[in-house]
Amino acid sequence: MPDAELPRQLAQLNIARLRAALDSPELADFVAALDDVNASAESASGFVWRLKDESGNATSIRPWGEDVVVNLSVWDSVESLRAWMYAGQHLELLRRRREFFVPLASHHLVLWWVPEAHRPDLDEAHLRLSMLDRLGPSAEAFTLQRVFPSE
């Protein structure tokens, strides 16, 4: 079956510029919550996959500099991602994001549709984030505020 005919899933990339080193006291609460937050994502309804290293998270994967952390995942729908993002411990950390991260001048989150079973890599994710920054929301790269359908 050609990719265009496969069911679609939602890929998301979220990047953040750290205010301090991960082992600093300033980020202690963030680091302490990572395992629980990642476990809650993996057990959430609609979760499909996430990028992780041998530690079980992605904090050592730094393609855009030592002070930039990435989160790359795939979900079955925008609704599933939203339901998880805005609940529980993740919501608590989200509310405290300015304590942990420096605001970016560009987008920090991009969404796009991928064929079922496709696992995006960081090159693909970077391309989507760059598209969003250059062109604004489109069917190829969009935000939670401006969602495009999966067709």
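Below, all heavy atoms of this structure are taken into account, side chains as well, without hydrogens, waters or symmetry copies. Here, residue 1 is the first one in the sequence, and each next residue gets the next number.
Between E124 and R119, none of the side-chain N atoms (NZ, or NE/NH1/NH2) sits under 4.0 Å from a carboxylate O, so this pair counts as no salt bridge. For the pair R96 and E99, the salt-bridge criterion is met [side-chain N within less than 4.0 Å of a carboxylate O].
Counting heavy atoms from C-beta outward, L144 and M85 have side chains that approach closer than 4.5 Å. Taking 4.5 Å as the limit, some side-chain heavy atom of I61 sits within range of a side-chain heavy atom of L51. At least one side-chain heavy atom of V78 sits under 4.5 Å from a side-chain heavy atom of W113. Looking only at side-chain heavy atoms (C-beta outward), R8 and P115 come within less than 4.5 Å of each other. Counting heavy atoms from C-beta on, the side chains of W64 and V70 come closer than 4.5 Å. Here the side chains of N57 and T59 are in contact, with some heavy-atom distance below 4.5 Å. Considering only heavy atoms from C-beta on, L111 comes within 4.5 Å of L81 through its side chain. W112 has its side chain out of reach of L132: every pair of non-hydrogen atoms, C-beta onward, lies at least 4.5 Å apart.
The heavy-atom pair separating P120 from A11 by the smallest distance is CG-CB, 4.0 Å. Residues A125 and V110 come closest through the heavy atom pair O-CG1, 4.3 Å. Between A117 and Q9, the shortest heavy-atom distance links the atoms N-OE1, 3.6 Å. For H118 against V74, the heavy-atom pair with the smallest separation is O-CG2, 4.3 Å. The minimum heavy-atom distance linking L27 with A20 is given by the pair CD1-O, 3.0 Å. Annotation for Y86 and L91: closest pair O-CD2, 3.7 Å, computed over non-hydrogen atoms.
Checked by atom type and distance alone, the side chain of R97 pairs as donor or acceptor with a backbone atom of L94 at under 3.5 Å. A donor-acceptor pair under 3.5 Å is absent between the side-chain atoms of S80 and the main chain of D76, judged by distance alone.
For the atom pair R19 CZ and S24 OG, the distance stands at 11.5 Å (nearest 0.5 Å). The line from CZ of R134 to OG of S106 is 12.5 Å long, rounded to the nearest 0.5 Å. The CZ atom of R128 sits 12.5 Å away from atom CG of D123, with the distance rounded to the nearest 0.5 Å. Between atom CZ of residue F47 and atom CG of residue N38 there is a gap of 8.5 Å, rounded to the nearest 0.5 Å.
Relative orientation of the F101 and F30 rings is perpendicular, given thresholds of 30° and 60° on the angle between their planes.
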Could you go step by step and tell me if L129 and H107 meet the side chain to side chain contact (heavy atoms under 4.5 Å, CB included) rule? CA-CA 7 Å; L129 186 61; H107 288 93; 3.9 Å; yes
Criterion side chain to side chain contact (heavy atoms under 4.5 Å, CB included) on H90 and D36, from CA distance to verdict: CA-CA 9 Å; H90 184 266; D36 288 343; over 6 Å; no
After noting the C-alpha distance and the side-chain angles of L109 and L13, does the key distance pass the side chain to side chain contact (heavy atoms under 4.5 Å, CB included) rule? CA-CA 6 Å; L109 176 106; L13 170 72; over 6 Å; no
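Between W84 and W75, the gap from one ring centroid to the other is short of 6.0 Å.
Connection of V37 to L18 is established within a shared hydrophobic cluster, with ILVMFWY side chains joined at heavy-atom distances below 4.5 Å, either directly or through further cluster members. Clustering ILVMFWY residues whenever any of their side-chain heavy atoms sit less than 4.5 angstrom apart, transitively, puts V68 in the very cluster that holds L122. Linking Ile, Leu, Val, Met, Phe, Trp and Tyr residues whenever their side-chain heavy atoms come within less than 4.5 Å places V69 and V31 in a single cluster.
The only option from K52, E42, R50, Q12 that meets the side-chain hydrogen bond (donor to acceptor under 3.5 Å, both in side chains) definition with S73 turns out to be Q12. Residue I15 is tested with L72, N71, L104 for a side-chain contact (heavy atoms from CB on, under 4.5 Å); the sole match is L104.
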